[in-house]
Amino acid sequence: MSVFDELAGQEQVVAQLRSAVSGGMTHAWLFTGPPGSGRSVAARAFAAALLCPYGGCGECPSCRQVRAGTHADLLLVRPEGLSYGVKQTRDLVLRAAGAPSGGRWLVVLFEDADRCTEQAANALLKAIEEPAPRTVWLLCAPSAEDLVTTIRSRCRVMTLRVPPAEAVAAVLVERDGVDHDRALQAARAAQGHIGRARRLATDPDAAARRAAVLNVPVQATSLGPALAAAAALVKTAEDEARSVTEQLDEPERDAVRLAFGEGSTGKGIAKAMRGMAGALKDLEDRQKSRATRVKRDTLDGALLELAAFYRDVLMMQFGAVVDLANADREGDLRRLAASSTPATTLRRIQAIMRCRERLTLNVAPLLAVEEMTISLCRG
Ligand SMILES: [Zn+2]
């Protein structure tokens, strides 16, 4: 077992990371890749490998602490709310200037580094320009262009690709015991997003929610149903986000309790319990801000799923021979392909992309989605 096992279809990146663990170190790394390619999974695996005395065995106490987010030499940062403020970043930079408590490295893992405000980016830049000798920065962003050039140019960039459906399916088969056909179908439907594929294959609710999203093109045929479809889409995304965060929250709380030795007795136990209360409070704050992001990301994911549906329609209209993401919906795809033109399908895809853009500008989700479903229905 290795901490890199979870990285489906990223052999090149994994080879580079492995050689960095044993060889010369770069102090700033940038992990990029489209949503679901596993950039934060890769960064976390790398952090575990750097901190593990055995190069990332995946089983020792150090590896387990990294997984639980409780390792003393791993500073795990996520945006408070929707972006990193300057104060949060400055605090972090101060902590990152210290020395590791145990091992060779102090690792700072900065998820969604593209969500830095401009001032926060300046604080970050200073830290990366003059890194503390034992500190390693791991930044994650969708693409290198999402960061200012000055930061980007100081990082070694690891670009993850969308893993092929087969590679994702293989992980589901080996690690989750899903049977091959089901794993492959889930991997195709999730378009290489491993966490999503796992949920589709193992959680019947997730599969039902996907079905609801893909019903939108069938339902949105006139104004009334289009508005109803919009409301259903927003609600589905919210339900899904809640289910995702609930599944993550509980094991994290358990891991903190375990790390502080809850239930044990002996000297210093009262002090440890106070430390635990503080850690649990920190965790709760992080979980809340994650819930906000997950809600937003989940709706975006649903929109991408919808876009993939119309892309399948377009492929059919052009007679292209490709693996359809929604092969399980072939009937709907065929009907839509036959009853519309490629130009209409393209306009529909554009309407979805416009909706995604408006959501990043903080337009009320229901409003943006209604506008989109109306455009889908007009064609
Ligand atoms: Zn280990």
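For ligands, and for the atoms within them, numbers begin at 1 and follow the listed sequence. Throughout, numbering of the chain's residues begins at 1 and tracks the sequence.
- Atom CZ of Arg156 is surrounded by more than 12 heavy atoms from other residues, nucleotides or ligands within 6.0 Å.
- Under a 4.0 Å N-O distance rule, the pair Asp239/Lys235 qualifies as a salt bridge.
- Protein N, O or S atom count below 2.8 Å of the Zn ion (ligand 1): the structure gives 4.
- When Thr236, Asp205, Asp328, Asn215 are each tested for a side chain to side chain donor-acceptor pair (under 3.5 Å) with Arg210, only one passes: Asp328.
- For the side chain to side chain donor-acceptor pair (under 3.5 Å) with Glu305, the lone residue among His193, Arg196, Gln191 that qualifies is Arg196.
- A salt bridge links Arg257 with Asp254: the closest approach of a Lys/Arg side-chain nitrogen to an acidic carboxylate oxygen falls below 4.0 angstrom.
- Taking a cutoff of 4.0 Å between a charged side-chain nitrogen and a carboxylate oxygen, Glu130 and Arg154 do not qualify as a salt bridge.
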